[in-house]
Structure formats: C-alpha cells, structure tokens
Protein chains: 2
Amino acid sequence: MKLSFTDYISIKIHKTDLNLTSYVKEQLKEFNLAPEQNLIMMLLWEKDGLEQHQLAIHLNKDKTNIARMASNLEKKGFIKRAPVEGDRRSLRLFLTEEGKELGNKVIPVAEAFNETVCKGISKEELLELERLLTKMNSNVLCARQ
Amino acid sequence: MKLSFTDYISIKIHKTDLNLTSYVKEQLKEFNLAPEQNLIMMLLWEKDGLEQHQLAIHLNKDKTNIARMASNLEKKGFIKRAPVEGDRRSLRLFLTEEGKELGNKVIPVAEAFNETVCKGISKEELLELERLLTKMNSNVLCARQ
DNA sequence: ATCCAATAGTTGCTATAACAACCAAACTCA
DNA sequence: TGAGTTTGGTTGTTATAGCAACTATTGGAT
C-alpha cells in the first residue's frame, strides 16, 4: 500500500484536536481553567451534583484523570466534593458560588469558540462530519471487540 | 444560544482522537513504541536524517516535546542523534539498524490500523472529512491572527 | 451469614503537550 | 566588527491521559 505520513486520517484528526485544544486553552487562561477542567465544569453547569464515575463515562476518560481534575477544581474553589448518602464509596461534585458565577462568564466564550470553529461550515456539513467521526469510533470499537 | 455539552464539535473531535490514539497505543505496545514516538519514526522511515526543528514543524509540536521524545527514542536504541555539520546548534536524527527493522514491522500495522478506521467510508467522504478539518484549522488560525 | 465479585476512588508510574526561562550558536546590520 | 536578534535545543513546571495496583465499600450467591 505504502501510505505516506500525510495519508493517515488519524494524524489529521489528532493535529486538528491539538490545534483546537490549544486555542481553547488560550481562551480559558484568564479564567484559571484548563481545557479538560472546563469539560467537567460544562457538565456540572448543565447538571450539578454529578458523581465522579458518571463524569468518567460522559468524558470517556479513566477515573484516575477525573479524580485528579476534580481535586484540582476543588483546590481552585470552583467545586466541592461530598460523599453520596447511601453509598460511602462515591463522591458527588457540587458547584460553589464561585463555580456557578464562572459559568456565566465561560459559557459565552465557549459558544463563541464553537462559532469560530464552525465558521463557513453548513449544518449539513457539520452533521456529515459528526457521522463520519462516529463511524470511525465504532470501527475502532468493533476492532477491539 | 445555549449549546449543550454534546453540541460542541470540538469535543467530538477530541473524543475521537482519544479513542483512535488509545487503539494505536494498544497496537504499538508490543513494539515498545508510544503513539507520538511512532509519528517521529514514521517521518524518519520516509526520510532519514531530519533535524529536530523540522520534526517540530511537521508535527505541529513544541520543540520541547520533540527533544524529549527524540531522547526517549535514542534511549530505546531506535535512533541516533548527530550534530549537523555546518550548524553546531542543530541535531539530526538517524535511524539505527534496529530502527530500520522496526519500520518493516510497524508500517504494516499502521496501514492496517488506517484500514480499520476507514472501513465503510468512501474516498469522497474521506476527502470531505479532511476538507472540513482543514477548514476548522484555518478558522482557528484566522481567529488567532 | 459469609465469601466473592464488582464498584468508586486514590496513588504511583510513564507518556504526551505547551509555556517560560535559559544557553549557545548563527545571523544581521549599521 | 560588534551589538542585538533570531534560531535550535534543553530543563523545569503544569496539565492531560491511561495503566497497574491498592483500599474501602457494596452487592450477590449460596
């Protein structure tokens, strides 16, 4: 077959992801929020009081990452962790007042970012892009059983 | 606007990238090669003797990462670093015999991986995907000036 | 009731990723 | 030619990312 470096679609996806993430990082810097920490906050702004393992599922991430990011967010004062009544293993994440206020400032920035990324791309094209990404994900999932 | 978490295209791209990278990592484990180390090797298998700063440009990565990954690849015995004649600042990366042999084993795995990812996706769809990713990249580039 | 498995979280380790600060070499230009 | 800038690389720090191994708790099965 002899593919060249530039032929691998996964490499293009990877580069795009790095590029977008780097821009997000820049945009969020003034809020003392890292990109992945922001993903946790986005979920909490939608639904407060999620448990760590629920976040791990939503974000497709290892529970160790969630634990450490949650710990960092707690240190920054944006969330509080509280044990779940009825299951002493679980921890629930709650927004602090500061965390709630942060949402009012960050969400508009996130939406503006999404606008920027999608500039000049139609709704149909966006759906097609999502469809292809989903297809690739399921292809890999399949191959791994 | 009120976007939901699942509406952000950047998050979908990010998740896809993580998923693909995680599969690559699994596939490369037996060769003692991490995914990003493999990208450097792929470039060297195409063109031996590249300099570190050239790799940084090809991979859109900070030079610090390249330096550390190159150092790791050297420790593993896959490459040797040699100063460039005529410019004592630069380092050139050369494949060792072991590194060259590794290519014969890894390249087929990489191509099979690409096949898996693109299964059921037509050439036209792939081109469209690339076009949209490129568009998003230039959108962000534009916004950052 | 008790053993066993599954679940939730943490700690330790390795590998990206980028920024800041730094050194040395090379270049520029007045 | 000599000062200031640019370039190539390294080290230190912070933030992901996932695996292995561990503790504690819960649930299940006999």
Side-chain angles (χ1 to χ4, degrees), chain A residues 10-11 14-29 31-41 50-57 59-76 78 81-93 144, chain B residues 11 14-41 50-76 81-93 144:
Chain A
S10 56
I11 294 176
H14 184 59
K15 280 188 180 182
T16 305
D17 178 41
L18 284 182
N19 190 21
L20 298 190
T21 301
S22 154
Y23 184 47
V24 169
K25 187 177 175 185
E26 189 181 300
Q27 299 268 298
L28 294 177
K29 194 173 181 184
F31 304 109
N32 187 27
L33 208 51
E36 298 295 330
Q37 291 169 5
N38 183 48
L39 294 187
I40 293 183
M41 294 302 286
L50 290 167
E51 295 169 37
Q52 288 195 182
H53 71 273
Q54 293 175 312
L55 291 167
I57 292 166
L59 295 171
N60 287 332
K61 274 186 213 308
D62 194 272
K63 54 187 176 168
T64 57
N65 301 318
I66 304 296
R68 275 186 266 246
M69 286 191 274
S71 163
N72 284 336
L73 285 171
E74 196 169 32
K75 275 182 208 148
K76 290 183 181 183
F78 298 146
R81 288 194 284 185
V84 172
E85 60 300 348
D87 189 343
R88 275 178 299 170
R89 293 170 303 178
S90 296
L91 286 179
R92 219 184 269 288
L93 275 58
R144 306 174 91 171
Chain B
I11 294 177
H14 184 59
K15 281 188 180 182
T16 305
D17 177 41
L18 285 182
N19 190 22
L20 299 189
T21 300
S22 154
Y23 184 46
V24 169
K25 187 177 174 183
E26 189 181 299
Q27 298 268 299
L28 294 177
K29 193 173 180 182
E30 60 171 313
F31 304 110
N32 187 27
L33 207 51
E36 298 293 331
Q37 291 168 6
N38 183 47
L39 294 188
I40 292 183
M41 295 302 286
L50 290 168
E51 296 168 36
Q52 289 194 182
H53 70 274
Q54 292 175 314
L55 291 167
I57 292 166
H58 281 302
L59 295 172
N60 288 333
K61 273 186 215 307
D62 194 273
K63 56 188 178 169
T64 56
N65 302 318
I66 304 297
R68 275 186 265 246
M69 286 190 275
S71 162
N72 284 336
L73 285 171
E74 196 169 32
K75 274 183 209 147
K76 290 182 180 183
R81 287 193 286 184
V84 172
E85 60 298 348
D87 188 343
R88 275 178 297 169
R89 293 171 304 177
S90 297
L91 285 178
R92 219 183 269 289
L93 274 59
R144 306 174 91 172

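By convention in this document, chain letters (A, B, ...) are assigned in the order of the sequence lines, proteins followed by strands, and residues within each chain are numbered from 1. No experiment lies behind these values; they were computed from the predicted model shown.
OP1 or OP2 of D:dT10 lies within a sub-4.0 Å distance of a side-chain N or O belonging to B:Gln52. Checking the phosphate oxygens (OP1, OP2) of C:dA8, no side-chain nitrogen or oxygen of A:Arg88 falls inside 4.0 Å. At least one side-chain nitrogen or oxygen of B:His53 sits closer than 4.0 Å to the OP1 or OP2 atom of D:dG9. A close approach under 4.0 Å does occur between a side-chain nitrogen or oxygen of A:Asn65 and OP1 or OP2 of D:dG18. The shortest distance between the side-chain N/O atoms of A:His14 and the OP1/OP2 oxygens of D:dA17 is not below 4.0 Å. Distances shorter than 4.0 Å separate none of the side-chain N or O atoms of B:Gln54 from OP1 or OP2 on D:dG8.
Checked against C:dA15, D:dG9, C:dA18, the side chain of B:Asp62 finds its nearest nucleotide in C:dA18. In the set C:dG12, D:dT10, C:dA15, the nucleotide with an atom closest to the side chain of B:Gln37 is C:dA15. The side chain of A:Asp87 approaches D:dT25 more closely than any other nucleotide in the set D:dT16, C:dA18, D:dT25. Of the candidates C:dC13, D:dT10, C:dT10, the closest approach to any side-chain atom of B:Lys63 belongs to D:dT10. Considering only side-chain atoms of B:Arg89, the nucleotide from C:dA20, D:dT6, C:dT16 that sits closest is D:dT6. Checking D:dT11, C:dG12, C:dG9 against the side-chain heavy atoms of B:Arg68 singles out D:dT11 as nearest.
Note that NE2 of A:His14 and CG of B:Leu39 are 6.0 Å apart. Values are rounded to the nearest 0.5 Å. Taking CG of B:Leu55 as the start and CG of B:Asn60 as the end, the distance is 12.0 Å to the nearest 0.5 Å. Note that NZ of B:Lys61 and CG of A:Leu18 are 5.0 Å apart. Values are rounded to the nearest 0.5 Å.
Looking only at distances, a side-chain donor or acceptor of B:Glu74 sits under 3.5 Å from a matching main-chain atom of B:Arg81.
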Problem - From CA spacing to verdict: side-chain contact (heavy atoms from CB on, under 4.5 Å), B:Glu85, B:Arg92 - result: CA-CA 10 Å; B:Glu85 60 298 348; B:Arg92 219 183 269 289; 4.1 Å; yes

Exercise for the section: Check step by step if side-chain contact (heavy atoms from CB on, under 4.5 Å) holds for B:Leu28 and B:Phe31. Expected result: CA-CA 5 Å; B:Leu28 294 177; B:Phe31 304 110; 4.2 Å; yes

Handout entry: Candidate pair B:Leu93 and B:Gln54, rule side-chain contact (heavy atoms from CB on, under 4.5 Å), full reasoning
Key = CA-CA 10 Å; B:Leu93 274 59; B:Gln54 292 175 314; over 6 Å; no

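Using a 4.0 Å heavy-atom distance criterion, A:Thr64 is classed as a base contact. B:Leu91 comes within contact range of the sugar-phosphate backbone alone, with a heavy-atom separation under 4.0 Å but no base atom that close. The residue A:Ile66 sits apart from the nucleic acid: no heavy atom pair falls under 4.0 Å. When heavy atoms are screened at a 4.0 angstrom cut-off, B:Asn72 is found touching no nucleic acid atom at all.
Taking atom CD of A:Gln27 as the reference point, atom P of C:dA18 lies 17 Å away to the nearest angstrom. Nucleotide C:dA15 holds its P atom 9 Å from the NZ atom of B:Lys75, rounded to whole Å. Counting to the nearest Å, the P atom of C:dA25 and the CD atom of B:Glu51 are 16 Å from each other. Distance NZ (B:Lys29) to P (D:dC19): 8 Å, rounded to an integer number of Å. In this structure, B:Leu93 atom CG and D:dG8 atom C1' are separated by 13 Å, rounded to whole Å. For the pair B:Asp17 CG and C:dT16 P, the interatomic distance rounds to 13 Å; values are reported in whole Å. One can place CG of B:Leu18 at 7 Å from C1' of D:dA17, the figure rounded to the nearest angstrom. Straight-line distance from the CD atom of B:Glu26 to the P atom of C:dT14: 21 Å, rounded to whole Å.
Applying the 3.5 Å distance criterion, the base of D:dG9 shares no donor-acceptor pair with the side chain of B:Arg81.
Nucleotides of DNA chain D nearest to A:Lys61 and A:Gly86 differ in position, and the one nearer the 5' end is that of A:Lys61. Toward the 5′ end of DNA chain C lies the nearest nucleotide of A:Ser90, the other residue of the pair A:Ser90 and B:Met69 mapping further downstream.
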